[in-house]
Amino acid sequence: PLFTTLIALVEDGEPVLGLIDCPVLDERYVGHRGGGCRRNGRPTRVSQASDLRRAIVSHGDPFCFDLHGAPEVFERMARECKLLRGYTDAFGHAQVLGGGVAAMVDLNLNLWDAAPSLVLVPEAGGRIVTLPEKDGKIGVILGSPALVDRLRSFFPA
């Protein structure tokens, strides 16, 4: 029931419109640059949590940390994020958009897997950081701006 449909409109290499549809859950997140983010037609906002020990933090599949060359990041998250949860793929991104998950680290993605979130997260008041490519795949950290900054510091410069 956690599968999704992802759609993004990209202009001049930048996503300008994003959609994450969770059909079994009857939730659809849609937004465009400058237009905000909406869940089922109502404005939605990401969490503004700032304490990693008290916030729900999500991650993609643990083996993706290995594929991205960052197993130590997952280990550190497991130690420091007391409410760490595995909500993989766009379902996790949707949970961030709805405020139920404060931040997420998702690695080993194709660009099209992240393109809708690159629009939707900022439009929902959050922050999304794209990590450097590794073997043609990208990683993203998304959610509460304070937590995204903190989680970004877990990765080597």
Side-chain angles (χ1 to χ4, degrees), residues 1-10 14-62 64-65 68 70 73-131 138-155:
L2 304 183
F3 71 93
T4 62
T5 299
L6 303 173
I7 298 174
L9 173 64
V10 178
E14 293 292 320
V16 296
L17 178 138
L19 176 138
I20 298 175
D21 186 50
C22 308
V24 175
L25 301 177
D26 197 28
E27 290 187 354
R28 178 176 291 159
Y29 296 83
V30 64
H32 61 88
R33 293 259 184 238
C37 178
R38 296 179 174 277
R39 176 178 57 203
N40 297 344
R42 294 178 176 226
T44 187
R45 302 290 290 172
V46 303
S47 167
Q48 296 302 303
S50 59
D51 185 349
L52 276 180
R53 295 169 305 213
R54 302 181 82 186
I56 296 175
V57 176
S58 181
H59 59 81
D61 292 317
C64 290
F65 286 79
H68 201 79
V73 173
F74 182 79
E75 292 166 10
R76 183 172 177 190
M77 288 174 62
R79 281 192 315 271
E80 296 185 28
C81 302
K82 300 302 179 195
L83 300 174
L84 187 63
R85 303 288 184 265
Y87 300 126
T88 65
D89 303 323
F91 173 74
H93 294 223
Q95 294 304 300
V96 169
L97 291 168
V101 169
M104 179 174 186
V105 176
D106 203 5
L107 304 179
N108 202 53
L109 302 172
N110 293 301
L111 180 56
W112 56 82
D113 294 322
S117 295
L118 291 170
V119 176
L120 296 172
V121 171
E123 290 300 324
R127 181 154 186 246
I128 185 167
V129 172
T130 303
L131 299 168
I138 64 167
V140 292
I141 307 169
L142 57 145
S144 158
L147 295 182
V148 168
D149 289 342
R150 180 78 175 103
L151 290 164
R152 176 64 182 99
S153 74
F154 286 22
F155 289 83

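All values below were derived from every heavy atom in this structure, side-chain atoms included, with hydrogens, water molecules and symmetry-related copies excluded.
- Residues Arg79 and Arg76 are in side-chain contact: their nearest non-hydrogen atoms beyond the backbone lie under 4.5 Å apart.
- Distance alone, capped at 3.5 Å, places no donor-acceptor pair between the Thr4 side chain and the Cys22 backbone.
- Residues Glu80 and Arg53 approach most closely at O-CG, 3.9 Å, considering heavy atoms.
- For the atom pair CG of Leu25 and CZ of Arg39, the computed distance is 11.0 Å after rounding to the nearest 0.5 Å.
- For the pair Gly60 and Asp106, the tightest heavy-atom approach, listed with the atom from each and the gap, is CA-OD1, 3.6 Å.
- Within the 4.5 Å cutoff, the side chain of His93 has no heavy atoms near those of the Leu120 side chain.
- Asn110 contributes no side-chain N or O that, together with a main-chain N or O of Trp112, makes up a donor-acceptor pair within less than 3.5 Å.
- When atom types are taken as modelled, the side chain of Arg33 and the backbone of Pro15 share a donor-acceptor pair closer than 3.5 angstrom.
- With Ser58 contributing its side chain and Tyr87 its backbone, the two residues share a donor-acceptor pair below 3.5 Å.
- Contact check for Leu111 versus Ile138: side-chain heavy atoms found under the 4.5 Å cut-off.
- To the nearest 0.5 Å, atoms CG (Leu19) and NE2 (His32) are separated by 12.5 Å.
- Shown here for Ala103 and Leu147, the closest heavy-atom pair between the two residues is CB-CB, 3.9 Å.
- Between Cys37 and Leu97, the closest side-chain pair of non-hydrogen atoms falls below 4.5 Å.
- In terms of modelled atom types and a separation under 3.5 Å, the side chain of Asp61 and the main chain of Thr88 share no donor-acceptor contact.
- To the nearest 0.5 Å, atoms CG (Leu142) and CD (Gln95) are separated by 11.5 Å.
- No side-chain donor-acceptor contact under 3.5 Å links Gln48 to the backbone of Ser144.
- The shortest distance between side-chain heavy atoms of Pro23 and Phe3 falls below 4.5 Å.
- Across all their heavy atoms, Ile141 and Arg152 have their closest contact at CD1-CA, 3.6 Å.
- Between Pro116 and Ala8, the shortest heavy-atom contact is N-CB, 3.9 Å.
- Between Asp21 and the choices Asp26, Thr5, Leu6, the side-chain contact (heavy atoms from CB on, under 4.5 Å) rule is met once, by Thr5.
- Across all non-hydrogen atoms, the minimal contact from Leu107 to Ala70 is CD1-CB, 4.4 Å.
- Screening Val10, Leu9, Leu118 for a side-chain contact (heavy atoms from CB on, under 4.5 Å) involving Val16 leaves a single residue, Leu9.
- Between Arg85 and Leu83, the closest side-chain pair of non-hydrogen atoms falls below 4.5 Å.
- Counting only heavy atoms from C-beta outward, the side chains of Leu52 and Phe154 approach each other to under 4.5 Å.
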